[in-house]
There are 2 protein chains.
Amino acid sequence: MTAARSVDNQAVPGDAVAVGGVGRVGPRDGVPPSGWTVQMNALGEFIRAQRQLANLSLREMAAMTSVSNAYLSQVERGLHQPSLKVLHSIAAALQLSTEQLLAQAGWVSGTREAASGNGTEEAIRTDPRLTPEQRAALLGVYRSFVEPE
Amino acid sequence: MTAARSVDNQAVPGDAVAVGGVGRVGPRDGVPPSGWTVQMNALGEFIRAQRQLANLSLREMAAMTSVSNAYLSQVERGLHQPSLKVLHSIAAALQLSTEQLLAQAGWVSGTREAASGNGTEEAIRTDPRLTPEQRAALLGVYRSFVEPE
DNA sequence: CATCGGCGTTAAGTATGTCAATCAGGGTGA
DNA sequence: TCACCCTGATTGACATACTTAACGCCGATG
């Protein structure tokens with residue numbers, strides 16, 4: 001765990017995936033014909049991560065998306081493939097574009113700018129809400145993260 | 001049911017489908033909770049057009065996509081909302097990108113540029129070069145900077 | 001004419017997405 | 001302690017996606 005905020009992670013018996021290991025999911029294109037459940041899993045984990053990052057409970061998100069918390073739970077755990085409609089609502093609630101969600105699920109290969117990753121630097125640099133000192137600090141942290149050595 | 005459909009035979013193209021101009025209202029709405037059949041219709045028409053353009057019969061396309069011709073027919077007629085899996089197969093068969101199909105269906109808003117300042121948050125959250133922990137940490141710092149309270 | 005084979009559509013069945021109600025656990029305050 | 005309220009997870013009922021087997025129509029061949 002070691003997340004900044006203690007996310008009350010109450011795993012049940014069996015406790016599936018700890019968020020620790022995976023690292024990141026790369027956008028891989030192609031048509032994985034049978035490796036399907038993998039994508040559901042990746043999508044679910046991504047959604048859960050985003051939701052927790054936004055400090056939303058399942059029920060809060062359910063209210064925003066008009067999707068039942070029960071189903072959201074199942075989607076996040078990779079038990080179901082959500083429809084377009086649901087996916088779209090989720091993206092809206094998380095303030096993401098549908099494409100980004102789809103990219104995470106491995107469905108859509110495009111996503112030019114998100115893949116490069118240096119969009120973050122640019123965003124920080126041009127963020128009008130930050131003071132120069134804050135900008136510098138944030139950039140420093142970010143660079144220390146992404147810099148290999 | 002509701003065979004409000006004229007008996008016109010399945011003559012191939014040439015028949016004007018001009019049903020009074022759908023008119024693609026605007027890229028403004030997200031997903032109008034109830035007005036969503038419009039998009040199914042648009043998607044279906046687009047698929048049918050593309051298929052005929054490629055000189056494919058429903059059964060041929062069914063073979064390529066591993067989706068039954070019957071279902072393809074219904075999708076093209078706007079009777080059903082295909083799942084991601086099916087949509088992806090269709091896109092492949094028509095040699096289109098999934099994004100193009102989704103765009104036609106009106107699901108992806110294309111370029112979502114929100115200059116309202118949360119661009120940084122989004123960039124951080126979707127940066128593939130960050131681990132989940134790093135994301136959470138960076139986001140925490142950023143929020144502490146811009147926090148209004 | 002009759003038969004065959006292709007076309008798109010329909011009917012009925014199965015699989016899967018989705019919801020409302022409920023459960024078990026944990027934190028908080030009286 | 002107990003009573004609350006909120007968290008995520010489960011269950012059973014229903015709606016929708018999807019398939020297989022048929023139908024009616026048309027053109028080509030015999």
pair [X]-[Y]: side-chain heavy atoms closer than 4.5 Å:
| X | Y | result |
| --- | --- | --- |
| B:L101 | B:I47 | yes |
| B:R143 | B:E121 | yes |
| B:M64 | B:L56 | yes |

Not counting sequence neighbours, list each pair that qualifies as a ring-ring contact (aromatic ring centres under 6.0 Å, His included) and has a residue in residues 120-140 of chain B.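 Non-adjacent pairs meeting ring-ring contact (aromatic ring centres under 6.0 Å, His included): zero.
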What is the distance, to the nearest angstrom, from the [atom1] atom on [X] to the [atom2] atom on [N]?
| X | N | atom1 | atom2 | result |
| --- | --- | --- | --- | --- |
| B:L58 | D:dT19 | CG | P | 13 Å |
| B:E76 | C:dC7 | CD | P | 13 Å |
| A:L79 | C:dG17 | CG | P | 10 Å |
| A:R48 | D:dG8 | CZ | P | 7 Å |
| B:L72 | C:dT10 | CG | C1' | 15 Å |
| A:M61 | D:dA9 | CE | P | 13 Å |
| A:H88 | C:dG17 | NE2 | P | 20 Å |
| A:L56 | D:dC6 | CG | C1' | 15 Å |

Quick one: is B:R51 getting a side-chain N or O under 4.0 Å of the C:dG8 phosphate, OP1 or OP2?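 Result: yes.
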Short side-chain N/O contact to D:dG8 OP1/OP2 from A:S73, under 4.0 Å: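 For D:dG8, neither OP1 nor OP2 has a side-chain N or O of A:S73 closer than 4.0 Å.
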Shortest non-hydrogen contact from B:L94 to B:M61?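 Taking B:L94 first and B:M61 second, the nearest heavy atoms are CD2-SD, 4.2 Å.
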Below 3.5 Å, can you tabulate the donor-acceptor pairs from side chains in residues 66-74 of chain A to any protein atom, sequence neighbours excluded?
{"from": "A:S68", "atom 1": "OG", "to": "A:Y71", "atom 2": "N", "distance (Å)": "3.2"}

Pick out the pairs of N or O atoms, protein on one side and nucleotides 18-21 of chain C on the other, that lie under 3.5 Å.
{"from": "C:dT18", "atom 1": "OP1", "to": "A:S83", "atom 2": "OG", "distance (Å)": "2.5"}
{"from": "C:dT18", "atom 1": "OP2", "to": "A:Y71", "atom 2": "OH", "distance (Å)": "2.4"}
{"from": "C:dT18", "atom 1": "OP2", "to": "A:S83", "atom 2": "N", "distance (Å)": "3.1"}
{"from": "C:dC19", "atom 1": "OP1", "to": "A:S66", "atom 2": "O", "distance (Å)": "3.3"}
{"from": "C:dC19", "atom 1": "OP2", "to": "A:S68", "atom 2": "N", "distance (Å)": "2.9"}
{"from": "C:dC19", "atom 1": "OP2", "to": "A:S68", "atom 2": "OG", "distance (Å)": "3.3"}

